Amino acid sequence: MKVPLLDLKAQYKKHKQELDQALIEVAESQYFILGPKVKKLEEEICEKLNVKHAIGVSSGTDALLIALMAAGIKPGDEVIVPTYSFFATAGVVSRLAAVPIFTDVDPVTYNIDVNDIEKRITPKTKAIIPVHLYGQTADMDPILEIARKHNLCVIEDGAQAITAQYKDGKCAGTIGHIGCFSFFPSKNLGCFGDGGMVVTNDDELGERLRIMRVHGGKPKYYHKTIGGNFRLDAIQAAVLSVKLPYIDSWSEGRRKNAALYNKLFMEAGLANITGKAEFDDKNKVQLPMAMYEKLGIKNYHIYNQYVIRVEKRDELMAHLKENDIGCEIYYPVSFHKQECFQELINDPANDMAMDQYPVSDFCADHSIALPVYPELSEEQIEFVVATIKKFIAG
Ligand SMILES: *Cc1c(COP(=O)(O)O)cnc(C)c1O
């Protein structure tokens, strides 16, 4: 049985007529950049996430970059980010000649370790970027409290978490000052190319983001600020407007699949839900998400990824691939181990010694993402668990 990590064609096939129609409409209008389709999508996103301003941009990476620019991040400013995330989270900070300061992550959620933030704050710290990794929100309450105390801007990297909710029901991206989303095709809400969105409840930030999206000119050709070309195009907006009404049913599909994985791993006697960054039983599969549920924390997780941890991860990966099961490692190299950041790590002034990130190191060495997309069948999920069981039994 073949089980791909993601099958975008299955979703396209189901909604082909509507999607093709949307593409044709854009072709016939010959209105390609920003315009009414983008405006419509922005309004729909505001309503869906219950947020005041949504600004369509060119990618999730550009969403983070423009957010930092609008927040006034300057060369030499420090921005706190978890060391375990997609590269863009830290890359955008360095692109502004600011300094990414890395924290370790939580072993249960893979999100920023809220107990590792405050000791990293210096007079140069200007912002924190919590990442809602794999589709689950970071623990925002303590982050907001720290941010208030130290007057920091909170920019949420919600690239994997559009419509995920924090415990009280607030949507990811609408909890801090600015929220950033990606519509890269493999995200839960994906377009037909690159695309992104920034959201905020702050009128002034909303206005600044809008101006910065078009090179910082307002009126056109008159520049008080320097922005860039961060525009979303109409084809992407049209596709996203077609897909947005289905996002909740897709999330439910992913949640159902994740719950089935948890159940099957438990029934097979393979589940370890201690939530620790170590293996007390090497023949078990760590299910951090199930642990999270056990703790009774009520986040609405949308499972952009379903990630387990196993002792012999690389061998398991080879075994799954041999059996035609797609899987991937998100992410094998944390920021503190990236070559491009070694100068930062080696500068004692930054206090980011290599041994300060044991949980991230453990996750990078042992985590593996399994297929969880909504169109998967129960048989496919059963096959994945059976294949892992066979591997562990040796
Ligand atoms: C995908 C992703 C991004 C970047 O989004 P792009 O649209 O690919 O530029 C940023 N952060 C995280 C956590 C992501 O998963």
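Note that this is a predicted model, so its numbers are computed, not measured. In each ligand, atom 1 is the first atom listed, and ligand 1 is the first ligand listed.
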>> Quick check on contacts: which atoms of ligand 1 are under 4.0 angstrom from a heavy atom of V131?
In response: 13 (C)
> Taking only heavy atoms of S85, which atoms of ligand 1 are found under 4.0 Å from at least one of them?
Replying inline: 13 (C)
> What atoms of ligand 1 come within less than 4.0 Å of a heavy atom belonging to A159?
Replying inline: 2 (C), 3 (C), 10 (C), 11 (N), 12 (C), 14 (C), 15 (O)
> Who gets closest to atom 8 (O) of ligand 1 by heavy atom: F184, F87, Y134, Y331?
Replying inline: F184
> Parallel, tilted or perpendicular: which describes the rings of Y12 and F192, with under 30° parallel and over 60° perpendicular?
Replying inline: perpendicular
> Is the distance between the ring centroids of F86 and F184 under 6.0 Å?
Replying inline: no
> How does A63 reach ligand 1, by side chain, by backbone, by both or by neither, if only non-hydrogen atoms under 4.0 Å count?
Replying inline: neither
> Looking only at distance, does T61 have an N or O less than 3.5 Å from an N or O of ligand 1?
Replying inline: yes
> Would you call the rings of Y306 and Y261 parallel, tilted or perpendicular if under 30° counts as parallel and over 60° as perpendicular?
Replying inline: parallel
> Should G196 be listed as contacting ligand 1, given a heavy-atom distance under 4.0 Å as the test?
Replying inline: no
>> For the 3.5 Å polar cut-off, considering only N or O atoms, please tell me whether F183 and ligand 1 meet it.
In response: no
> So which heavy atom in the protein is nearest atom 3 (C) of ligand 1, and how far is it from that ligand atom?
Replying inline: F86 CD2, 3.5 Å
> Which value, rounded to the nearest 0.5 Å, describes the distance between L152 atom CG and I143 atom CD1?
Replying inline: 11.5 Å
>> When you compare ligand 1 with K187, is there at least one nitrogen or oxygen pair between them that comes in under 3.5 angstrom?
In response: yes
> Should K39 and E43 count as an ion pair when the cut-off is N to O under 4.0 Å?
Replying inline: yes
> Hey, what's the ring geometry for F362 with F279, parallel, tilted or perpendicular (30° and 60° as the breaks)?
Replying inline: tilted
> In terms of ring plane angle, is the pair H301 and Y303 parallel, tilted or perpendicular, where the classes change at 30° and 60°?
Replying inline: parallel
>> Polar contacts were defined as any N/O atom of the residue lying under 3.5 Å from an N/O atom of the ligand; does this apply to D157 and ligand 1?
In response: yes
